[in-house]
Amino acid sequence: MTKTMAMEKMLNKADLAAWMGKLETHQLFAPMLEDEGVWNYAPVVKAADVALDQPNTVRPPKDFVFPQRETLYRFEQVRGEAPVLTETLPDPQPSVVFGVRPCDSRGLVRQDIVFTKEFDDPYFQGRRAKTIFVGQACKVPPSPNCFCNSVGGSPSSEDGLDLLMTELDGKYHVKAVTQRGADLLAKGGALFKEASASDKAAVAKAHESAKAHPQRPIKELGKVAGALKQNFDSKAWDEMAKACIGCGICTFLCPTCHCFDINDEVTCSSPCKGERVRTWDTCQFPDFTMHTSGHNPRETLGSRLRQRVCHKFQYFTENHDMPQCTGCGRCISLCPVGIDIVSVVERLGQP
Amino acid sequence: MANVQETAKDEPGFEPKIVAFLCKWCSSAGSDLAGVSRLQYPSNAVPITIMCSGSMSPMFVLSAFNKGADGVLVSGCHPGDCHYLKGNFYARRKIYLVQKLLQFIGLENDRFRMSWVSAAEGVKFAGVVDEFVKDVKKLGPQTRLKAKR
Amino acid sequence: MSHNAYLPKLGRIAAIKDEVPGNRAIKTYQIEFVSGDGFEHDCGQCAMISVFGKGESMISIASAPHVTGYKQFSIMKTGRVTTALHDLNVGDIVGVRGPYGNKFPVKDWKGKNLVFIGGGVGLAPIWPVIQTALHHKGSYGKVSVFYGGRTSRDLMYKADLDKMREQADIHLSVDAKEDGWKEFVGFVPSNVKDKAPSPDNAIAITCGPPIMIKFVIQNLKELGFTDDNIYTTIENKMKCGIGKCGRCNVGKDYVCVNGPVYSWAALKELPPEY
Amino acid sequence: MIDVAAIKAHAKALLEKGTVRAVIGYRNSTAGLLAEPFVFTGPESVDDLIYGPSCVQNLALYLVNDKKERAHHKSDDARPVAVVAKGCDARAITVLLQEKHFLREAIHVIGVSCEGTGVVDTKKLARKLGGKHAVEIDFDGGEAFAVTTADGVQSLPAAEIMAERCLECRGAHPQLADIAFGEAKTDRALHTPFQAVKHKMKEEQDNRWSFWARQFDRCLRCYACRSVCPMCYCEECVVDSIQFAVLPDTTAEEKANRIKWIERSPNRSESAMYHMVRAIHLAGRCIDCAECERVCPVNIPLRLLNTRLEMEAFETFDYNPGSDMNAPTLTSSFKDTDPNSFIR
Amino acid sequence: MTKRTGVFVCHCGNNIAATVDVARVAKEMGEVEGVIFSKDYVYMCSDPGQSTMANAIKDNKLDSVVVSCCSPTLHEKTFRDVTEEGGELNPYRCEIANIREQCAWVHKEKPKATEKALKITRAAIKRVQNNQSLTPIGVPVTRRVMVIGGGVAGIQAALDLANAGLQVVLVEKNPTVGGHMIQLSETFPTLDCSQCILSPKMVEVSKNKNIKLLTQAEVQEVSGFVGNFKVKVRQKAIYVDPEKCKICDDCAKVCPTVVPNEYDLNLTPRRAIFIPYAQAIPATYTLDESACLGLNPVVCGKCADVCEADAINYDMRPKTIVEEVGAIVVATGFDLYGKENLGEYGMGKYADVLDGLQFERLCSASGPTGGHVLRPSDHKEPKNVVFIQCAGSRDPESHCAYCSKICCMYTAKHATLYKHHVPDGQAYVFYIDIRSGGKGYEEFVQRSMERDEVMYLRGRVSKVYENNGSMIVKGVDTISGKNVEIEADMVVLALAMQPSKGTADVAKTLKIGRDKDGFLAEAHPKLRPVESVTAGIFLAGAAQAPKDIPETVCQASAAASKVIQLLSKDELMHSPAIAKVRLSHCTGCEMCVQACPYGAISLSGPNAKASVNDVLCEGCGTCQAVCLRAAIDVKNITQMQVHDMINACLGV
Ligand SMILES: Cc1cc2nc3c(=O)[nH]c(=O)nc-3n(C[C@H](O)[C@H](O)[C@H](O)COP(=O)(O)OP(=O)(O)OC[C@H]3O[C@@H](n4cnc5c(N)ncnc54)[C@H](O)[C@@H]3O)c2cc1C
Ligand SMILES: Cc1cc2nc3c(=O)[nH]c(=O)nc-3n(C[C@H](O)[C@H](O)[C@H](O)COP(=O)(O)OP(=O)(O)OC[C@H]3O[C@@H](n4cnc5c(N)ncnc54)[C@H](O)[C@@H]3O)c2cc1C
Ligand code: SF4
Ligand code: SF4
Ligand code: SF4
Ligand code: SF4
Ligand code: SF4
Ligand code: SF4
């Protein structure tokens, strides 16, 4: 997204609802508490339900641009004849996602890279173009496992966002990062006041102190890739993966993970009708790389843990000069058995 | 019953799709007898003949609902009459469990039924189907487990 | 529509030839594009073939770039899609998208002797290179082809290979003794060692089962071939073919984009996860 | 009180003498309060072994994984593997033995009684502590846990922060054990078993459906629930394989004819099918370790679902999974007196 | 998957065509994937219909066919034969879609019936397209038979088999064949002498070249399957060479130990070396190891000393004999319900309370009293004898729930015999009701009531007790409603029949089922009453249910004829539609092994995976539904096929 001149405004907390009210051209989403005690993005029905200062959502906002299931196209084929293929590019209603944490928006930046390099991905791009991400700067780490600072981010990073909101007693400081963010701001009209110098100073201070909040450290990020390469054959991979149950939590819910599977879902066998569908997949599942012959280049849990960590901290870095991890800590907090990417990097990714 | 308020479901033109799994030796033979006796019953239940009710995998039931069946019927030999000695006893236990589970997740009770029909019970077979179709008709189309396709 | 990389073009099966019978049967398909808007490809590239309702499979394009009008694929029956492909008849329509992957640097090899070493269905990916070399006679040095299978029934392109004997050295082999077999008996790597092609001004191109490739490379190196004069292709599981689904990722490479063709020198740099 | 030092000493002795090839137990995790399952292979490594209310995971799973790994590495070390087992873990091992997954002599069970308590439920604990983070939790004699937060150590009644399954546990002392630590307390105050299930059963069917439909809608199909389940040790799951079972002589047709009972799309219908098949497959095998429910990242109440048929097993068929390694399994047996009246 | 399916839709004259639009079915089925030929015809089963089908298969190179017609029970065989003979295609590539009995005949509305016929046919197409070609499994058979139990049932079966030219091994656990029948005096309803009719048969057994008799022997282990069983038999040592024994009784005379004689139900003594009775077969003395003073080392040795024939050999040892047979007949007979269970009737307490068999011995000329009915206690002639029927039978609360079937008859016989022996005595019979179904049976009972003036009292006896040295039988006469007390000199109980002691073990060894009462279970109560659930094992006599001699003999001959039928060919043909394990998916959990009704599965191989015995498997699919991982499937009705059929039925 094109960067625009910094535009900084103030919004009374109480006016958030009013601003949202003016955005009826867009569908609004924000973190909300589901019945089962899980925070997730949900459509805003009542602005009062919106709670921006809560723990981060379980599902990252990548859902909005890379949903877990996407129909690529429909097919219909009478035996022996040419099939009719119907392209089903997404045409979503424009939407605004509130409450996006900086780590998650930085995840979007990584998704952008994947879905535009070499070949364009029209499904991703179609959704990306229609979705505005409004960030929420963290004042304290929302989880004990946050480590955004260690991976080149910060609790107030603007990467991948259109707007960044920072809470300052009773008010929000709202900064437009992109033009479409600015446009969204503009819709609020008079609800927004220009940020004063002192507001700006207060925000800077808030960002500063959030950044200073202790987090889990990865010491020498610049040397991680090299060290991982060195340690490719280490026995420690197997040892550290001992507890891993090979589920997909760490990867499904990672804001940067982008792997998927493509399958045909048949709704009628004669004539053959159905959809070609892509769904999230994960390198942690054994069949991910398994050939039909049964040969599997990454058969063990250890080799799959290595793939996850090395892909994030070595391969992606080698290609794009940034780790494919934004330090949200989800994979640590949600892993059922305590596999901890920070410890792994500490152990095998340090010179 | 919760369905009372939902009688609107009882659409006039609704013809339920029912899969009837019949064991080859008793119930399928029973249905043959119903045929030979020219008994009339609704055409909604499409029979699939399996070797024995004992070979009735729970997957078949669940899959039929997933594929859009409005009702599923399983029918086998009376206890003690199994052509394969005791296949139907295994079936009874398994089907019981499946039924309890379906009820628990909230599928309407009347959508899944098991019956014992012997080769001599043509009349019973026709009756079982007749009643089942009536009961399922009352419920309307099955939407809960059906895949959106 | 054309920019949607996931959407296949339609191809009609113009011809089917049974190459190898049995449990792991191989058939060769000539597929022509239905509406003429096909694509051009280079040696070593692949295409995703779709059987709608079953799925897609990545298959090497086995015809040479100079062959126009159809693309050739030799497909081994092994799973859902390939079995469905084997069930198709001439005239049936499949989806084709591509071309994907890098290519053999054929142009750089002008004037060199080319040693091809294939096993089983692994002859297919290198076949276009062989065809190209023979097509541009004079541009390349001596062409020799080593090819083997478990039995003589497992060898594909037999008639073509026989025809080729005037232009190239053909060394066939079968794994075990067999009535009427006059050529080499033993594994392909042993045949290579036995015939000992000279590494001078030569490029070796090999493709086949992983275990075969391993020993072929070992033997080639003993013969004096250097790492950057040995080429091979690797097969990793693929779904999208365009570097997004993450499946074929090995080290920093996505095989569907950065591969499948590798010099041994380059391949050694990747983690051994193929 | 459980004497952790004694467990350690026993584990160490086993490894020193070489009577076992490894000890599966717990160690501290860097990721949070809960322990991390670990496979100890050297006597020195046992220094890291811990035992306490944070040891929630069912280690029977790691026996299953160990078997897979040994197959992969073609290991021929025939010595048994030792495993630390709570009551529920031991029940799981019993089911695995019943299903001939390993030989009894291949496993050395280090039983640990839960005595009067059990393991912690971190969600309950978090609620109890309000905003504070617990960094450590330990038994505190009798029926309390000692919880350490930034503010120091406090003693909390275990009953308030214990996992629900522990509150209902009918076998807190491992029945299957080569050596057992802790005493078999019989006077535990129990919650009525199957309370939640029975409560749910009283609801209107339509409400029950809307409840479950919402759960199925939320499922990610990350399969953590299945991956963590020691009973889901199949080479390839019938529901949706994330692993294929292939042998060298598996034919192309066999591979091509894998039945797709459900699609990979995380839809309501497909997820419902997945969870129901799993519940059916667990009938008479689920030993209520509640791990599936714990690991679910979106808090789907899987224990509620899976104990529904456990209740049937127990109450209708008088079958108690994990109590007898020599009995036939629930669905591969029957009684003449099984319910019949539901059949028309 | 097959690619060239043919569909043949039958009109069945108007039977189908009246309600099903057969032309539409044929047309729409022609459009189904993989179907290349589809046709309707007025009578598929007629000669022209069959040749149309055969030609179509050949001309179109069809690789699978569906005939949409009547029930497969009628014409599956016809069309499979056409497929094979005319079409030169494997018969298992043909499936029937039943659109007559299950569709046309039970529905009236043509559009609806047609819809259903389409679904049924489509499902059959889906199924047949994944059918495999199968060939019946041929199993070479061993033309030998083992008969277990040498009562009248075993004897009859053995003789029938031997006379049909089959080799028979007759295994009897006692020292002689004959079973219980040889203990009877006369038999109802004709009162002919039991020994007189059985002895010749016993002799025939010993003379028949085709019969190998193994007495004092029991079956230990059985392996194999129909046509090819291997049976391990253990035979006790009898320490006497039957070839040499002259049956002179010299040895018994010198034997110092005396034990009760089982043959006479312990009413007489015998020695440690003995012959059960003069007509015993094999005709030889036997040394009863357990009664002998000692053989190792020899303690007394008197018998050997006196035996002039030198027949006694103390060095004999038990033998294990392995017999290979193609079929087994089990005829292990019955025992009487234990007297210890009937304390209320004084059984075991009072010497003069007898069971039926003991009474038979008292009446028998070869019996302990030489054919005089005398009280065991004082050898006096009893003047008042009470017979109690249903002693232990028909009493689900405390004893056996079932009716022992023959007691009514033999009690009438006993009462009659008693009256013949003691004409001035009085016989009383307590009964619940009289069951006398059988040729001449009712007349027999009537005769005993009328001619022999037996007093029949309807009611149960509550107690038998002693009072001043005499036995009092206390009961109710439910007809008069009065309590009755009878002073009896002798009480005879018609004890329930139960399976003989060894039956449970034999059933276990042979892996055949037993019913809830412990009798051997027949494969089907009506249609396969002489077959066990395991192919190749047959049942005869009282081991299967209480029965009298005629019924026993009937069943024995029936079993023999079943065996003869089975072994009449060199090869047995077994249906090939059996279970097959996908080794890749099997984890060896043994659930299928537990569930298979035929014991056809066992774990085998390095990783202990399921393996199906092709011959034992009946293809029921119980295993398929039990296996969690779909690792086992029945050929040609696999889960995949049912899955496809479900889809077809639902239009997916
Ligand atoms: C670059 C490349 C070139 C290839 N060239 C040829 C060729 O010329 N001829 C030929 O016969 N085969 C070739 N293959 C292998 C072929 O792609 C697989 O055999 C085929 O995809 C198996 O699909 P299936 O649906 O039959 O198997 P299934 O097991 O039913 O399918 C499972 C999925 O796994 C994937 N998959 C399984 N095994 C492989 C594999 N070895 N490689 C890639 N994906 C796999 C498929 O995408 C499929 O979607 C090539 C593979 C690659 C990567
Ligand atoms: C008191 C009484 C009176 C009767 N009167 C009449 C009558 O008048 N008329 C009539 O028709 N019927 C009568 N019956 C019934 C008749 O006795 C039976 O029908 C008949 O004896 C059944 O024959 P069987 O061969 O089946 O059993 P059995 O006679 O019991 O013979 C079984 C044989 O098998 C042998 N055996 C048992 N177990 C084994 C083993 N494990 N291995 C090897 N051998 C074994 C036994 O030693 C025995 O020799 C009477 C029965 C009773 C009790
Ligand atoms: S790898 Fe883990 S911490 Fe990093 S972005 Fe992904 S989920 Fe967050
Ligand atoms: S690391 Fe944790 S979350 Fe990831 S696959 Fe392993 S167990 Fe699951
Ligand atoms: S763990 Fe939860 S989200 Fe994951 S598959 Fe199981 S129920 Fe679904
Ligand atoms: S759900 Fe069933 S088939 Fe799947 S892994 Fe679990 S037990 Fe196996
Ligand atoms: S039930 Fe299935 S997995 Fe278990 S032993 Fe039988 S075939 Fe194998
Ligand atoms: S099909 Fe029936 S008889 Fe055959 S192995 Fe399976 S359960 Fe046994």
*Taking every heavy-atom pair that is under 4.5 Å apart, which of A:N40, A:L334, A:V58, A:I249 has the most such pairs with chain D?*
A:I249
_Looking at every heavy atom in both A:G338 and D:E36, which two are closest together, and how far apart are they?_
O-OE1, 3.7 Å
_Just so I understand: if I count every heavy-atom pair under 4.5 Å between each of D:A224, D:P248, D:S241, D:S29 and chain A, which residue has the most?_
D:A224
_With rounding to the nearest 0.5 angstrom, report the CG to CG distance, A:D63 to D:L220._
8.5 Å
*What part of D:E236 lies closer than 4.5 angstrom to a heavy atom of chain A: side chain, backbone, both or neither?*
neither
*Return yes when atom NZ of D:K260 has more than 12 non-hydrogen atoms of other residues, nucleotides or ligands closer than 6.0 Å, and no otherwise.*
yes
*Could you check A:V337 against D:F38 for side-chain contact (heavy atoms from CB on, under 4.5 Å), going step by step and ending with a plain yes or no?*
CA-CA 10 Å; A:V337 292; D:F38 192 66; over 6 Å; no
*Hey, which of D:H133, D:K68, D:R218 has the most heavy atom pairs under 4.5 Å with chain A?*
D:R218
*Is the closest basic N to carboxylate O distance between D:R27 and A:E239 below 4.0 Å?*
yes
_Option in A:F285, A:W280, A:F288 with maximal non-hydrogen atom pairs under 4.5 Å from chain D_ = A:F285
*Give a yes or no on whether D:K123 atom NZ has more than 12 heavy-atom contacts from other residues, nucleotides or ligands under 6.0 Å away.*
yes
*Please examine the side chains of D:Y223 and A:C247, heavy atoms only from C-beta on, and report whether any two atoms are closer than 4.5 Å.*
no
*Heavy-atom distance under 4.5 Å between the side chains of A:L253 and D:P297, does that happen here?*
yes
*Between D:R264 and A:D281, is a side-chain contact (heavy atoms from CB on, under 4.5 Å) present by the stated rule, with each step listed?*
CA-CA 9 Å; D:R264 202 162 196 172; A:D281 202 350; 3.1 Å; yes
_Residue pair A:E34, D:R214: steps toward the salt bridge (Lys or Arg N to Asp or Glu O under 4.0 Å) verdict_ = CA-CA 10 Å; A:E34 293 179 3; D:R214 199 171 71 239; over 6 Å; no
*Taking D:R294 for its side chain and A:P336 for its backbone only, find out whether a donor-acceptor pair lies under 3.5 Å.*
yes
_Just so I know, are the side chains of A:N296 and D:F244 near enough to count as touching, which here means a heavy-atom distance under 4.5 Å?_
no
*Where does A:R216 contact chain D at under 4.5 Å (heavy atoms): side chain, backbone, both or neither?*
side chain
*Let me know if D:Q57 has heavy atoms under 4.5 Å from chain A in its side chain, its backbone, both or neither.*
side chain
*Options A:G37, A:G294, A:A243, A:G248, ranked by heavy-atom pairs under 4.5 Å with chain D, top entry*: A:A243
_Tell me if a side-chain donor or acceptor on D:E69 pairs with a main-chain N or O of A:T300 at a distance below 3.5 Å._
no
*Picking from A:R59, A:Q284, A:E299, which has the most non-hydrogen pairs under 4.5 angstrom with chain D?*
A:E299
*asked:* Please classify the contact of D:L61 with chain A as side chain, backbone, both or neither, using a heavy-atom distance under 4.5 Å.
replied: side chain
*asked:* Taking the side chain as everything from C-beta on, heavy atoms only, tell me whether D:V246 gets closer than 4.5 Å to A:H291.
replied: no
*Go through D:T30 and A:E346 one step at a time and tell me if the side-chain contact (heavy atoms from CB on, under 4.5 Å) criterion holds.*
CA-CA 11 Å; D:T30 51; A:E346 249 170 23; over 6 Å; no
*Look up atom CE in A:M290 and atom CD in D:Q243, then write down how far apart they are to the nearest 0.5 Å.*
6.5 Å
*Which atoms of A:C335 approach chain D - backbone, side chain, both or neither, heavy atom under 4.5 Å*: neither
*Can you tell me how far the CD atom of A:E70 sits from the OG atom of D:S265, to the nearest 0.5 Å?*
11.0 Å
*Measure D:F211 against the heavy atoms of chain A and call it side chain, backbone, both or neither at under 4.5 Å.*
side chain
_Flag, side chain of A:K242 to backbone of D:P37, donor-acceptor distance under 3.5 Å_ = no
*Shortest non-hydrogen separation from D:N267 to A:R69 and the atoms involved*: OD1-CD, 3.8 Å
*Output the distance between atom CD1 (A:I245) and atom CG (D:N65), rounded to the nearest 0.5 Å.*
9.0 Å
*CZ-OG1 distance between D:R221 and A:T279, expressed to the nearest 0.5 angstrom*: 8.5 Å
*Backbone of A:E36 reached by a side-chain donor or acceptor of D:N299 within 3.5 Å*: yes
